[in-house]
2 protein chains.
Amino acid sequence: MMSSSNLETREKIMAAASRLLEEKPGTAVRMSDIAKASGVSRQAVYLHFPTRADLLIATARHLDQVLNVDEQLAASRAATSGRERLDAYIDAWGNYIPQIYGVARAFLAMEATDEAAAAAWKDRMDAMRHGCEAAVRALAEDGDLKPGFDQEKATDLLWTLLSVRTWEHLVQDCGWSQQAYVEAMKYMAETALVA
Amino acid sequence: MMSSSNLETREKIMAAASRLLEEKPGTAVRMSDIAKASGVSRQAVYLHFPTRADLLIATARHLDQVLNVDEQLAASRAATSGRERLDAYIDAWGNYIPQIYGVARAFLAMEATDEAAAAAWKDRMDAMRHGCEAAVRALAEDGDLKPGFDQEKATDLLWTLLSVRTWEHLVQDCGWSQQAYVEAMKYMAETALVA
DNA sequence: TGTCAACTTTACACGGTGTCAAGCAAAGGA
DNA sequence: TCCTTTGCTTGACACCGTGTAAAGTTGACA
């Protein structure tokens, strides 16, 4: 029961962290806030997660698991044509962003100062880039990639279009609806990259 | 002579700040670093600029003046057609970004925590948005705005495309050349917004 | 009964921002 | 010549958030 309580506490902390970050993104959420929200002492948090970056990393993984990213992104891999794949990927990732925005924002804020956080975020974004790369390759294999576009540049462009910062700018700063955002990204990707 | 030295010190501090930020963007530049680089005590900096945000704001204005933003952006206002105006604006602003990137990055890092810095940065970006708005309006007046696009959405899209974060992503993270960046932004804006 | 594991409480070090107060040196006027 | 003002220096300190250290508490279980 003690060992299960150990795990339960860990989960409680991660759950509280993701809840707080999701509730008030942009607000600086402190370790003590997370501790309080978990119903645990600040030091208990440090017992489970040596640093803030460690907690953030674990929380991100935890969220991926709870939200089942793999399944959410599976549709795009099942697509037959390149165009479908591109569309499905934009749909999947574009709609995943708001679900992880709180944690993402915390990462982006720490990135500048914390080495470990920067590396972890880079990893996640590299993984996302692979999705972009696969969509572009599928497009190219169909002969549907706009002529004169090399795959790497096309991937970079798509990657930029689908960055969390672009989502943030349009949805948070400009006040676009999630649907308008996804449609705009599809439109941009289509007109820019598809022949 | 004392009153002129007063101004000189102020300028020295702002010059040192912009130099340090430009030299090592991404590195956290502290007030004490700026003081040292200015050849002045840390408290002298606080004598001239009550807070870090104040220093940043003044430095940004100072930089605008030294680099002569107005002139750099003038070409776009002189353009006759909407398409020319769009192109000229992307050219001007897109090439201005790297010149202010150091300071911009400092603002973006502070934005999350500092109210004053966030407001000042928002002001600057709103001013930039007016440029986007004007370009889109000129396009619409020529009947060259893609049908089914309302001007506000088009402005938002262009604004997002020309954000410092987009520049950062492509040039800093993806390693694109400044020229490739500007061309890509022109291409994206053209294919997405021009009829 | 005693041990171990998870957790609590309290205290403290560190780095960065911002404040406060006393002192100093040079310019400039009486 | 003396005296005031101005621009700056020096050194100390408060505050906050992260992270560390150490001793104490509580419940499970052998």
Side-chain angles (χ1 to χ4, degrees), chain A residues 1-17 20-21 24 26-59 103 105-120, chain B residues 1-17 20-21 24 26-59 105-118 120:
Chain A
M1 196 236 165
M2 264 314 183
S3 65
S4 97
S5 145
N6 184 340
L7 283 178
E8 273 167 27
T9 300
R10 220 187 128 82
E11 302 240 323
K12 263 197 317 194
I13 294 168
M14 292 188 292
L20 281 185
L21 290 169
K24 27 183 173 171
T27 316
V29 176
R30 290 154 299 190
M31 294 298 264
S32 54
D33 297 329
I34 296 168
K36 195 171 292 179
S38 318
V40 111
S41 72
R42 193 172 67 92
Q43 281 53 33
V45 177
Y46 281 104
L47 242 42
H48 289 275
F49 309 96
T51 69
R52 195 184 144 79
D54 288 320
L55 170 54
L56 238 55
I57 292 166
T59 303
V103 180
R105 182 152 179 155
F107 266 108
L108 290 167
M110 278 194 85
E111 203 183 14
T113 52
D114 190 294
E115 196 59 42
Chain B
M1 195 233 164
M2 263 318 184
S3 66
S4 99
S5 144
N6 186 340
L7 283 178
E8 273 168 26
T9 300
R10 221 186 127 84
E11 301 241 323
K12 263 197 318 192
I13 294 168
M14 292 189 292
L20 280 185
L21 290 169
K24 25 183 175 175
T27 315
V29 175
R30 291 153 299 189
M31 294 300 264
S32 55
D33 296 329
I34 295 168
K36 195 171 292 178
S38 318
V40 111
S41 71
R42 192 171 69 92
Q43 279 56 32
V45 176
Y46 280 104
L47 242 42
H48 288 276
F49 309 96
T51 70
R52 194 184 144 79
D54 288 320
L55 170 54
L56 237 55
I57 292 166
T59 303
R105 185 157 176 151
F107 266 109
L108 291 167
M110 278 193 86
E111 202 183 14
T113 51
D114 189 294
E115 196 59 43

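Below, chains carry the letters A, B, ... as their sequence lines are ordered, and counting in each starts from 1. All values reported here derive from a predicted model rather than from experimental measurement. Side chains are part of it too, since the values below use all heavy atoms of this structure and drop only hydrogens, waters and symmetry mates.
- For B/Q43 and C/dT19, a side-chain-to-base donor-acceptor distance below 3.5 Å is present, hydrogens and geometry of angles not being considered.
- Here D/dG19 presents its P atom at 11 Å from CD1 of A/I34, a figure rounded to the nearest Å.
- For the pair A/L56 CG and D/dG19 P, the computed distance is 11 Å after rounding to whole Å.
- Rounded to whole Å, the distance from OH on A/Y46 to C1' on C/dC14 is 13 Å.
- As a whole-Å value, the separation of B/R30 CZ from C/dG15 C1' is 9 Å.
- Phosphate proximity of C/dC7 to A/T9: present, with a side-chain N or O under 4.0 Å from OP1 or OP2.
- Scanning both residues, A/M110 and A/R52, for their nearest heavy atoms gives SD-NE, 3.6 Å.
- Closest contact between the side chain of B/M31 and the listed nucleotides D/dT18, C/dT8, C/dG18 involves C/dG18.
- No side-chain donor-acceptor contact under 3.5 Å links B/D114 to the backbone of B/E111.
- Listed candidates were D/dC8, C/dG18, C/dT8. Nearest to the side chain of B/V40 is D/dC8.
- Atom CG of A/D33 is separated from atom C1' of D/dT18 by 13 Å (rounded to the nearest Å).
- Annotation: B/K12, atom NZ; neighbour count of heavy atoms from other residues, nucleotides and ligands within 6.0 Å is above 12.
- Across the protein-nucleic acid pair, A/M110 atom CE and D/dT18 atom P stand 9 Å apart, rounded to whole Å.
- Between A/M31 and A/L55 the shortest side-chain heavy-atom distance falls below 4.5 Å.
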Checklist entry - Would B/K36 and B/D33 count as a salt bridge (Lys or Arg N to Asp or Glu O under 4.0 Å) if you check the C-alpha gap in whole Å, the side-chain angles of each, and the deciding distance to 0.1 Å? => result CA-CA 5 Å; B/K36 195 171 292 178; B/D33 296 329; 5.8 Å; no
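- Evaluation of atom-type donor-acceptor distances gives a pair under 3.5 Å for the side chain of B/R42 against the base of C/dG18.
- Distance B/R52 CZ to C/dG15 P: 17 Å, rounded to the nearest Å.
- Atom-to-atom, CG of B/L47 to P of C/dC20 comes out at 13 Å; the value is rounded to the nearest Å.
- In terms of phosphate contacts, B/H48 brings a side-chain nitrogen or oxygen within less than 4.0 Å of OP1 or OP2 of D/dC8.
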